[in-house]
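What follows is one structure encoded as structure tokens, with my remarks underneath.
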Amino acid sequence: MAGVRVEARRLLPENPMDAPMSPAPVPPLGLADGIGIAVLGDVVIVLDIHRNRYSLIRGDAASVLAAAAAGNPVNPDSPDARALRFHHWLAPAGTPPGPWFNPGELPKAEASVLEGGDPPGWPRAIDFRIAAICLKTRLDLRFRPLSRILRGLSMNWRGRSMADLVAAARQFDRGRRHTPFTPRCLPDALAFLRFARARGHAAHLVFGVKLHPFEAHCWAQSGGLVLTDPLDRIRRFVPVLAV
């Protein structure tokens, strides 16, 4: 066309390093390492193992956490997702997990080994070993981070029978009642887990919460069998994290 100047222009920069960089895609988000949640109505309770702390979350942030825990897509650029990543509650999906897992993978608790338990009787040699485990566990919880203690739990399961595990749980309960320590769920359940796993038993530590009023609890469980509490007690709690 007359009067029109046609100019050939280079569309790519001579140096590829001069090309504008597109932002790297943000990977899908999931719960971060050491984070567990329980959805209770319109609120979410968060357990942060690394900080040894529970938090109550409402609104859109609660919805984002619930979606991430369920494996549903989460917009990583939303203000709530950014805030949750800042608190280290969300992280890119596929982050190498610790020893903890979603308690929904455990069967629902249906029975307890402690229903109608035997009286403690006279102390035996095993009872003094149990007392030593209880003492060490209480000292560890006082001076060491909980996350480090849980990472150090033995995973040396040797396929012991359920009957052997039931006997071990009742043996531990009798021995613990000989100790001078006030019963407390975390040190007692953790001490039992150490006792059981050192003998090759498969058992898990379960953390649970409830509202109105807020209360947190933990217990040891294998399959649907509770090992350190009466069944009626733990049924009041919604599991938030398992180890």
Side-chain angles (χ1 to χ4, degrees), residues 34 36 47 49-54 98-100 103 106 109 111-158 160-209 215-223 225-237 239-243:
L47 169 57
I49 286 290
H50 298 292
R51 294 181 174 87
N52 195 15
R53 179 184 304 165
Y54 290 89
W100 22 79
L106 281 176
S112 169
V113 303
L114 299 188
E115 304 297 340
D118 299 328
W122 289 98
R124 297 162 298 175
I126 186 65
D127 297 330
F128 293 101
R129 292 198 290 272
I130 290 169
I133 295 172
C134 291
L135 174 60
K136 183 180 186 306
T137 300
R138 280 164 166 77
L139 291 174
D140 284 345
L141 287 169
R142 182 172 182 180
F143 296 110
R144 296 177 59 202
L146 177 60
S147 60
R148 187 176 301 174
I149 295 172
L150 297 180
R151 286 186 186 276
L153 287 172
S154 170
M155 300 290 286
N156 185 27
W157 298 345
R158 299 193 294 271
R160 301 286 298 273
S161 70
M162 182 60 74
D164 287 342
L165 177 57
V166 169
R170 289 175 175 164
Q171 185 179 60
F172 181 88
D173 180 63
R174 288 193 298 268
R176 187 203 58 76
R177 285 187 279 164
H178 281 298
T179 71
F181 307 119
T182 300
R184 292 182 58 202
C185 64
L186 179 56
D188 290 340
L190 183 55
F192 169 74
L193 212 66
R194 286 174 159 177
F195 175 80
R197 289 193 177 184
R199 287 156 177 77
H201 295 293
H204 300 285
L205 185 66
V206 183
F207 294 86
V209 293
E215 186 179 350
H217 188 52
C218 66
W219 61 92
Q221 183 173 329
S222 181
L225 186 65
V226 181
L227 302 167
T228 54
D229 276 86
L231 183 62
D232 287 346
R233 173 160 174 74
I234 67 100
R235 276 183 167 167
R236 299 187 291 129
F237 297 90
V240 61
L241 192 69
V243 180

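Computed over heavy atoms, backbone and side chain alike; hydrogens, waters and symmetry mates excluded.
L47 is not listed as a side-chain neighbour of V209, based on a closest heavy-atom distance of 4.5 Å or more. A heavy-atom distance below 4.5 Å is not found between the side chains of R236 and H217. In this structure the side chain of V226 never reaches within 4.5 angstrom of the side chain of V113, judged on heavy atoms. Residues S222 and M162 are in side-chain contact: their nearest non-hydrogen atoms beyond the backbone lie under 4.5 Å apart. By the 4.5 Å heavy-atom criterion applied to side chains, L227 and F172 are not counted as neighbours.
Atom CD1 of I130 and atom NE2 of H178 lie 9.0 Å apart (nearest 0.5 Å). Note: R138 CZ to F143 CZ = 14.0 Å, rounded to the nearest 0.5 Å. In this structure, C185 SG and D229 CG are separated by 7.5 Å, a value rounded to the nearest 0.5 Å. For the atom pair CG (L150) and CG (L190), the distance works out to 6.5 Å, reported to the nearest 0.5 Å. The line from NE2 of H201 to CG of L193 is 11.5 Å long, rounded to the nearest 0.5 Å.
Between A109 and I234, the shortest heavy-atom contact is CB-CD1, 3.6 Å. Nearest heavy-atom pair, A189 versus L205, reported as atom, atom and distance to 0.1 Å: CB-CD1, 3.5 Å. In terms of heavy-atom proximity, G34 sits nearest to H50 at CA-NE2, 4.0 Å. What you find for Y54 and G208 is that their closest heavy atoms are OH-O, 4.3 Å. Contact between A196 and L165 at its shortest, heavy atoms only, is CB-CD1, 4.4 Å. Here the shortest heavy-atom pairing between F195 and A168 reads CE2-O, 3.6 Å.
A donor-acceptor pair under 3.5 Å is formed between the side chain of Q221 and the backbone N or O of G223. Listed for the S161 side chain is a donor-acceptor partner under 3.5 Å among the backbone atoms of D164. No side-chain donor-acceptor contact under 3.5 Å links R176 to the backbone of C134. No donor-acceptor pair closer than 3.5 Å links the side chain of T228 to the backbone N or O of W219. In this structure, the side chain of S147 does not engage the main chain of I49 through any donor-acceptor pair within 3.5 Å.
Remark: R194 engages T137, D140 in a side chain to side chain donor-acceptor pair (under 3.5 Å) (not counting sequence neighbours). Applying the side chain to side chain donor-acceptor pair (under 3.5 Å) test to R129 and every residue at least two apart in sequence or in another chain returns nothing.
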For this session: Mind running side chain to side chain contact (heavy atoms under 4.5 Å, CB included) on L186 and F207 for me, showing each step along the way?
Result: CA-CA 9 Å; L186 179 56; F207 294 86; 4.1 Å; yes
For this session: Report the C-alpha separation of F237 and V206 in whole Å, then their side-chain angles, then the decisive distance to 0.1 Å, and conclude whether the side chain to side chain contact (heavy atoms under 4.5 Å, CB included) test is met.
Result: CA-CA 10 Å; F237 297 90; V206 183; over 6 Å; no
Exercise. Passes side chain to side chain contact (heavy atoms under 4.5 Å, CB included), L106 versus H204? Steps please.
Worked result: CA-CA 9 Å; L106 281 176; H204 300 285; 3.7 Å; yes
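Other residues, nucleotides and ligands contribute only 12 or fewer heavy atoms inside 6.0 Å of the CZ atom of R184. Annotation: R148, atom CZ; neighbour count of heavy atoms from other residues, nucleotides and ligands within 6.0 Å does not exceed 12.
Salt-bridge annotation for R177 and D188: absent, with no side-chain N of the basic residue lying under 4.0 Å from a carboxylate O of the acidic one.
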